[in-house]
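The sequence lines fix the lettering, A, B, ..., with proteins before strands; numbering per chain opens at 1.
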There are 2 protein chains.
Amino acid sequence: MSGALNSTSAALLGLLHEGPLTGGQLVTQADQRLGPLWTLTRSQVYRELPTMAGRGYVRAGKPGPRASLAYTISASGKRAFAAWLASPLEADHPRNPLLLRLGFGSYHDKADLRRLVGEAQEQHEVSLAIHKETVDRLRKTKADPYALASAECGIAYEKALLKWLDTIPT
Amino acid sequence: MSGALNSTSAALLGLLHEGPLTGGQLVTQADQRLGPLWTLTRSQVYRELPTMAGRGYVRAGKPGPRASLAYTISASGKRAFAAWLASPLEADHPRNPLLLRLGFGSYHDKADLRRLVGEAQEQHEVSLAIHKETVDRLRKTKADPYALASAECGIAYEKALLKWLDTIPT
DNA sequence: ATAGCCATGTAACCAGTTACATGATTTC
DNA sequence: GAAATCATGTAACTGGTTACATGGCTAT
C-alpha cells in the first residue's frame, strides 16, 4: 500500500522524530523550524494527521486539554519518512506575483509601475531582514548547519531579487 | 458586484487584450508569454472562462471546430483588468522543495544529501539555460522590455541559487 | 477510407486558504 | 468568579493537478 508521501506529511513525520506532538504543537514547530521556507497551515496539519494515522504512520495518544491528541510516529512512519528523503527531488516552480504583473508591463502606466516596483522592494527588504536575523540567531545558537544553510538561501534569494529590481526600466 | 480578480483571471484578461482567443489558444499564449514565470494549467483556463463570462468580463463567440469558443474581452473586463493592475501587489511566498528536505538535513545520510544537492544543481542549470535562451530570443526580437526583464529575473534567481548550492556543507 | 495521433475540453481529486465555533486560561 | 482573550480544532471554499473522454486531423 501507500503511495509516496506528500510534502506536508513528510514535514510532519520529520518533526515527530523528536517526540510526540499535538496538532497545535506541530503547527508551532513547523512555523519555527521550517518557517518561511515551507509554509504549512493549521488546517493542513489537522487534515493530514488522521490520514496518516489511518495509514499507520502515526498513533494518537489519550485526549488532552481541549480534545487535543498527541501523535507518536510509528516504525512504519519512520520508514515512510526515510523513503521520502531518498526519493527524487520535486521540481521547483517559482510563481512570483510580481512577474505576472510585470509580464503586462506595457499596460501599466508609469506611475503604477513605479509603485509596483516600490512595493516589491519593500516586501523583499522585509524578508531579507527576517532572514538575516534568523541567520544571526542560528549562528549564535550553533544550531543545525542545515537550518543555517536554508536561511542563507533566503538571503541569497532576496538579495538577488532586490538587485534585479533596480534594473527594471521605469 | 465583483470582488477583486484572482491572478488566473487577470492573466487571461491581459492576454485577451490583443484579440479574441479560444481556451486552447489562451493556454498556448499563457505558456509562451508568461511561461515559466507564472504557470497556468489547461483546466484552470477552462474553469475560469465560463466564470468570467458570467461576470460579464468576456463574451463567447460562435462554437468553432471541436466545440471551441473564442472569447472576447468586454469593456467591463478591461476595467477589471485595469483595477487589478492598480491593486496592491500580493506577497511572494517562495515554497522550495529543496529547502524542506534540507530542513531535515541531519536525518539524511551523506550520500543522500549529496544526491539531493546534485539533483537541485541539475534542475537549476536547466532552468538557467532556458531563461538565457529566452533572454537571447527577446533581445533579438526587440520585444517588450518587461518580458525581457522578467526573463532576466529568472536568470538572477537561478544564478543566486546555484551559487548558494555550492556553499552547502556536505 | 481507416488507423493512429494529437489537440481540445471535462471531471474528479488533492492541496492550500479563509473564516468560524468552541472551550481553556488569564486578568481584573 | 465573570469577561475577555487566545489557543485549538473544524468546516467550507478556492486554486492547482492529474487523469480521462472525445472528436478533428494526418498519413498511409
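Side-chain proximity of Ser43(A) to dT18(C), dA15(C), dG15(D): nearest is dT18(C). Comparing atom distances between the Thr41(B) side chain and each of dG16(C), dT17(D), dG16(D) picks out dT17(D) as nearest.
A perpendicular orientation is assigned to the rings of Phe104(A) and Trp84(B), their planes being inclined by more than 60° (bins at 30° and 60°).
In this entry the distance linking CG of Leu100(B) with P of dA15(C) reads 14 Å, nearest Å. Rounded to whole Å, atom C1' of dG15(D) lies 13 Å from atom CD of Gln44(A). In this structure, Leu5(A) atom CG and dA15(C) atom C1' are separated by 14 Å, rounded to whole Å. Atom CG of Leu40(B) and atom P of dG15(D) are 12 Å apart (whole Å). To the nearest angstrom, C1' of dA12(C) lies 11 Å from CZ of Arg47(B). For the pair Asp31(B) CG and dT8(C) C1', the computed distance is 15 Å after rounding to whole Å. The distance from atom CG of Asn6(A) to atom C1' of dG16(D) is 14 Å, rounded to the nearest whole Å. Rounded to whole Å, the distance from CD on Glu90(A) to P on dA15(C) is 12 Å.
Along DNA chain C, the nucleotide nearest Thr8(A) and the nucleotide nearest Gly23(B) are compared for position; the residue whose nucleotide lies closer to the 5' end is Gly23(B). Along DNA chain C, the nucleotide nearest to Gln25(B) and the one nearest to Arg95(B) differ in position, and the one closer to the 5' end is contacted by Gln25(B).
Residues Asp92(A) and Tyr157(B) have side chains that bring a donor and an acceptor to within less than 3.5 angstrom of each other. A donor and an acceptor atom, one from each side chain of Gln44(A) and Thr41(A), are located under 3.5 Å apart.
Within 6.0 Å of CZ on Arg59(A) lie no more than 12 heavy atoms contributed by other residues, nucleotides or ligands.
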